[in-house]
Chemist: 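Structure incoming, see below.
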Amino acid sequence: MDNLGRDSAVLRPSSWRGAVLLRSEYPDASPICGGTDLMVDINFARARPSGLLDLTSVQGIDSWELTDGGRTVRIGAGVSFTTIIEKLSGVCPALAQAARTVGSPQIRNRGTVAGNLATASPAGDSHPVLMACWARVEVESVRGPRLIDIDDFFVGPKRSALAPDELIRAVLIPAATGAQQFAKVGPRNAMVIATTSFALNLDVAGRRVGTGIGSAGPTPLRARAAEQMLEEAMADRWDEPGTVDESLARRFGALVAEAASPIDDVRGSAEYRRHALAVLGRRCLTWALADLSREAAA
Amino acid sequence: MRVNVTVNGVAHSVDHVWALESLLDFLRERVGLRGTKNACEQGECGSCSVHVDGVLVCSCLVAAGQVEGCSVVTVEGLASDGELHPVQRAFVDAGAVQCGFCTPGMIVAAHSLLSGNPDPDDLTVREELSGNLCRCTGYQKILDAVHLAAERAGAAP
């Protein structure tokens with residue numbers, strides 16, 4: 001708040017408490033961290049907020065930690081995709097995979113998972129992984145903090161459960177206990193908004209299967225029927241997954257595709273997206289089971 | 001709004017900065033450094049690449065007000081005492097420049113890559129320069145230039 005003069009419209013709180021107070025006091029100022037979404041809208045005159053609430057100088061916001069006896073990773077809102085790739089590929093392998101597909105080095109150096117969430121685009125690269133990992137979003141306003149389950153977070157295209165006076169403080173993700181995979185389809189390897197994407201989490205400790213679908217519906221989606229089918233199929237083989245069963249992988253992929261509700265748009269047709277999701281679902285399961293088998297054999 | 005920032009080692013204190021102004025516009029129009037190019041304004045092309053506190057960013061996606069107190073290095077800050085930086089020299093020698101518009105961003109990104117990885121393989125160079133578009137060269141000479149800069153740095157005593 002020290003840098004807040006009368007003519008100043010970039011608010012730069014140094015503490016989290018200060019950021020929460022300013023969010024409430026200046027509701028028309030847009031929160032900004034990496035700026036990789038917001039600045040595009042500003043540069044193209046699609047957004048004209050009365051000012052900016054810059055979170056990059058908030059103490060501690062760019063750090064991450066293991067909590068809950070090492071079972072959960074708490075990723076601060078200012079942690080960049082580059083940091084996730086460099087530091088968290090062990091505890092959040094699918095999130096690190098997704099982070100590697102974000103934009104370019106320049107974008108990964110600035111962009112954040114919390115920014116993905118705040119924008120709430122169905123194409124956000126983090127989202128399928130957050131769904132597959134049953135992440136929770138830690139938000140706070142002057143009214144107090146709360147945790148939002150990822151299944152309740154996305155309410156429509158670019159619309160989330162975040163209240164106008166709330167800020168995202170961190171994302172809580174259970175540490176991986178089995179195998180995870182993320183895959184994305186787009187016209188080139190870099191600088192691509194997903195045509196569609198898929199994440200799979202085989203949670204060995206919890207005996208659970210998590211999935212997430214990106215860019216194939218108004219919000220990121222969960223493939224519940226695929227999860228249930230695979231949980232039943234895995235019931236007696238979590239610890240010894242054995243060889244990959246081709247027909248199981250195909251059935252899984254088909255259920256993933258069925259869970260999507262894609263549209264035709266500039267990035268691809270609905271038909272192509274469904275087809276791609278069946279392929280991504282099959283591949284992710286094949287890769288993940290191979291990873292599990294390798295670990296079981298080791 | 002006033003912004004205090006160090007650019008290429010020189011402290012600047014600039015008044016009347018617009019709150020929504022990008023670092024790119026700030027550098028070009030307020031500080032007068034036009035080596036940093038303005039093309040896509042959406043982070044796609046990399047021609048506005050600069051370092052902010054040592055981190056490679058697209059200056060079009062950073063608000064000028066966010067760099068308060070930071071140190072920014074632009075392409076103009078790489079050469080010293082009238083001598084081209086070795087990465088710049090390598091771009092000249094390898095013939096990696098055609099129209100030249102992408103070159104400043106390409107050189108800043110290549111400089112960033114080589115600072116962290118003095119001997120990158122080809123895939124790494126492609127990945128690390130994937131945020132910088134060139135519509136002239138077909139990229140081969142640019143890859144050659146990065147490898148040339150790496151080789152020369154490796155050969156230097």
Chemist: Let me know if Ser22(B) has heavy atoms under 4.5 Å from chain A in its side chain, its backbone, both or neither.
Modeler: both

Chemist: Less than 4.5 Å apart, side chain to side chain, heavy atoms only: is that true for Leu20(B) and Arg48(A)?
Modeler: yes

Chemist: Do Met191(A) and Cys45(B) have side-chain heavy atoms sitting under 4.5 Å apart?
Modeler: no

Chemist: Return the CG to OG1 distance between Leu61(B) and Thr36(A), rounded to the nearest 0.5 Å.
Modeler: 6.5 Å

Chemist: Based on non-hydrogen pairs under 4.5 Å, which of Cys33(A), Ser50(A), Gly103(A), Gly51(A) is most in contact with chain B?
Modeler: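 Most heavy-atom pairs under 4.5 Å with chain B: Cys33(A).
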
Chemist: Counting N and O atoms only, with roles assigned by atom type, does the side chain of Asn109(A) sit under 3.5 Å from a partner on the main chain of Val57(B), one being a donor and the other an acceptor?
Modeler: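 Looks like no, no N/O pair under 3.5 Å.
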
Chemist: Quick check on Asp264(A): does its CG atom have over 12 non-hydrogen neighbours (other residues, nucleotides or ligands) under 6.0 Å away?
Modeler: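 Above 12, so yes.
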
Chemist: Quick one: pull up CD in Glu68(B) and CG in Asp54(A) and give me the separation to the nearest 0.5 Å.
Modeler: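 Taking CD in Glu68(B) and CG in Asp54(A), the distance rounds to 10.5 Å.
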
Chemist: Flag the pair Met39(A) / Cys60(B) as yes when at least one side-chain heavy-atom distance between them is below 4.5 Å, and no otherwise.
Modeler: no

Chemist: Could you tell me which of Ile42(A), Thr56(A), Ile32(A), Leu38(A) has the largest number of non-hydrogen atom pairs under 4.5 Å with chain B?
Modeler: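 Ranked by contacts with chain B, first place is Ile32(A).
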
Chemist: Please indicate whether Gln59(A) has more than 12 foreign heavy atoms, meaning atoms of other residues, nucleotides or ligands, lying under 6.0 Å from its CD.
Modeler: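 No, the 6.0 Å shell around CD holds no more than 12 heavy atoms from other groups.
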
Chemist: Do you know which two heavy atoms are closest between Pro105(A) and Gly131(B), and how far apart they sit?
Modeler: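 For Pro105(A) versus Gly131(B), the nearest heavy atoms are CD-N, 4.3 Å.
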
Chemist: When you compare the side chains of Gln106(A) and Asn132(B), does any donor N or O come within less than 3.5 Å of an acceptor on the partner?
Modeler: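 Yes, a side-chain donor-acceptor pair sits under 3.5 Å.
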
Chemist: Any donor and acceptor pair, going by atom type alone, linking the side chain of Arg12(A) with main-chain N or O of Gln66(B) inside 3.5 Å?
Modeler: yes

Chemist: Counting only non-hydrogen atoms closer than 4.5 Å, does Ala109(B) touch chain A with its backbone (N, CA, C, O), its side chain (CB onward), both, or neither?
Modeler: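 When you check distances to chain A, only side chain atoms of Ala109(B) fall under 4.5 Å.
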
Chemist: Go through Val62(B) and Arg110(A) one step at a time and tell me if the side-chain contact (heavy atoms from CB on, under 4.5 Å) criterion holds.
Modeler: CA-CA 9 Å; Val62(B) 178; Arg110(A) 293 287 291 180; 3.8 Å; yes

Chemist: Do you know which of Gly43(B), Gly69(B), Gly46(B) has the most heavy-atom pairs under 4.5 Å to chain A?
Modeler: Gly43(B)

Chemist: Specify the closest pair of heavy atoms between Ala63(B) and Leu52(A), including all atoms of both residues, with the distance to one decimal.
Modeler: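 Shortest heavy-atom contact: CB-CD1, 3.5 Å.
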
Chemist: Please determine if Glu127(B) and Arg108(A) form a salt bridge, counting it only when a charged side-chain N lies under 4.0 Å from a carboxylate O.
Modeler: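 Looking at Glu127(B) and Arg108(A), the cut-off is met.
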
Chemist: Restricting to non-hydrogen atoms, name the atom on Val10(A) and the atom on Ala19(B) that form the minimum distance, rounded to 0.1 Å.
Modeler: CG2-O, 3.4 Å

Chemist: Tell me, side chain or backbone of Leu133(B) under 4.5 Å from chain A's heavy atoms, or both, or neither?
Modeler: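 Looking at Leu133(B), just its side chain touches chain A.
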
Chemist: Would you compute the distance between atom CD of Gln42(B) and atom CG of Asp41(A) and round it to the nearest 0.5 angstrom?
Modeler: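 Taking CD in Gln42(B) and CG in Asp41(A), the distance rounds to 10.0 Å.
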
Chemist: Would you compute the distance between atom CG of Leu56(B) and atom OG of Ser104(A) and round it to the nearest 0.5 angstrom?
Modeler: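 Reported to 0.5 Å precision, the distance equals 8.0 Å.
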
